[in-house]
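Data first, discussion second: the structure below is written as structure tokens.
Worth saying up front: this structure is predicted, and the values here are computed from it rather than measured. Reckoned from all heavy atoms, side chains included, excluding hydrogens, waters and symmetry mates. Position 1 is the first residue of the sequence; numbering continues from there. Indexing begins at 1, ligand by ligand and atom by atom, following the structure's order.
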Amino acid sequence: MNNGKVRVRFAPSPTGPLHMGGVRTALFNYLFAKKNGGDFLLRIEDTDQTRYVPGAEDYIIESLKWCGLTPDEGAGIGGEFGPYRQSERKEIYKQFADQLIESGNAYYAFDTPEELDALRAAAEANKEVFSYDMHTRGELKNSLVLSEEEIQRRIAAGEPCIIRFKMPENTDVVEEDLIRGEVKFNTAQLDDKVLYKADGMPTYHLANVVDDHMMKITHVIRGEEWLPSMPLHILLYKALGWGDTKPRFAHLPLILKPTGKGKLSKRDGDKMGFPVFPLQWTDPKSGDVSRGYREDGYFPQAFVNLLALLGWNAGTEQEFFSMDELIDQFSLERVVKSGARFDPEKAKWFNRHYMQEKTDLELAGEFKPLLEARNVSISEEKLVRIIAMIKERCEFIHELWDQGQYFFEAPESYDEKTVKKKWKEGTSEKLNAILEVFKAVDDWKAELVKESFSNFMNEKEWGFGVVMVPIRLALVGSSQGVDLFDICELVGKEETISRIEKAITILG
Ligand code: GLU
């Protein structure tokens, strides 16, 4: 390891939008780095040109930014260990592939894709699986088998040639995973992975190990799906002579479907109506749009909080954590081994919490663009008061509209059931009389409107219920809403009168 400074990296491949599991990996790396006074790097692993998707790298960078996970070094940022995009490091990898050939840890292979396909098909016909490994490599077209002249002839003729790792025979690879404890593999089960491709690009395995070494990474924290690659990586460190400085490994548990069975997929999200991506994503080929937490109205704090608890807990009852609290309390020892079930209802519950934590003024600021989009203009002072009354009913900013629409525009229709039940013979006359009372109120304040109204009602000895609901119908369009006189004050005297007049015309 380097002089003790913790260095971790998030190393996504830009093959599409980042799944929320990927964001969790980034988050745990970030928390571990910050907790230990270390560096958090962003490295783009784009050596597989066939899977490259335009826009994916920008998407990754923007997702991290939205979550507040700012890398100390990396693609789009820079740093002394750059470049941080593997396609820009192409020249670096070849020498290490050559070094592995020289030391006998790797070999050239000339088998064509068609030949390998035929071998796979033949194995399948026998209900077996073909594997390029220590059991088969002695009968295939590679530099372990071919004569030196034959190898040179093929290379000179420009035949496509790849480099494979020569998996040592029957060797136990034992490693202490920081989350899983001791993990043991026997090489007899492992194949000879391709390290270097015919197109002059390294594969993920070679590039990943070389870069982790060169970038002085101390801890590799990544998803469980990479656990099967760990023995190869460990053997590569050894073969390259870096065994003593290889990083520690920590493999994070899977995120499971809401049912708890199987890995969370995009299809679960589509089926149950929740996003699995941090930001909305438009597929550059098909144009298909996938929803994102940000566009669905989640606050980044809520998203980060819910991700933090997918596989980690503080060991206490605490469930709400600011980023600083997470940094303070995070440790890999408290990451669990078993899969973490994702609960979309709980995600909303987190959002509700962060929504209620915000000041009315902050919420007003976030709500304003939605009002502007609907051509509603309202003073900030009024908006803040409205929000104070309705926010408790909301989990998302956009629900402020559903809960408070009547403050911003007159109802277009009236709830039929309520009309039937409450708009009786004589209602219009009564409302006409009340209109006169309202018109006479000079200082249009909720309590004063209420006072004039109550005095009049008492005088007439009319039951409050008989007119309160019809007035509410006129102002709101239904029997819903906050205190009636607050509504009167906030929509204003003229608007109150005009809505009541309109209701009398339509319903009377
Ligand atoms: N490029 C790999 C990925 O897409 C990185 C795995 C690792 O962290 O080693 O997840």
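- The six-membered or imidazole ring of Trp401 lies away from that of Phe396, with a centre-to-centre distance of 6.0 Å or more.
- Between Phe330 and Phe28, a ring centre-to-centre spacing shorter than 6.0 Å is recorded.
- Ring centroid separation for the pair Phe303 and Tyr293 comes in under the 6.0 Å cut-off.
- Within the listing of ligand 1, atoms 1 (N), 2 (C), 5 (C) sit less than 4.0 angstrom from a heavy atom of Glu45.
- Nearest protein heavy-atom contact of atom 5 (C) of ligand 1 is Ala11 O, 3.1 Å.
- Of all the heavy atoms of Asn208, the ones lying under 4.0 Å from any atom of ligand 1 belong exclusively to the side chain.
- Summary of contacts: the protein heavy atom closest to atom 8 (O) of ligand 1 is Arg9 NH1, 2.7 Å.
- The closest approach between a heavy atom of His233 and any atom of ligand 1 is not below 4.0 Å.
- For Arg374 and Phe408, the positive end is not near the middle of the six-membered ring at less than 6.0 Å and at most 45° from its axis.
- Ring-centre distance between Phe274 and Phe342: below the 6.0 Å cut-off.
- At a heavy-atom cutoff of 4.0 Å, ligand 1 is contacted by no atom of Phe10, backbone or side chain.
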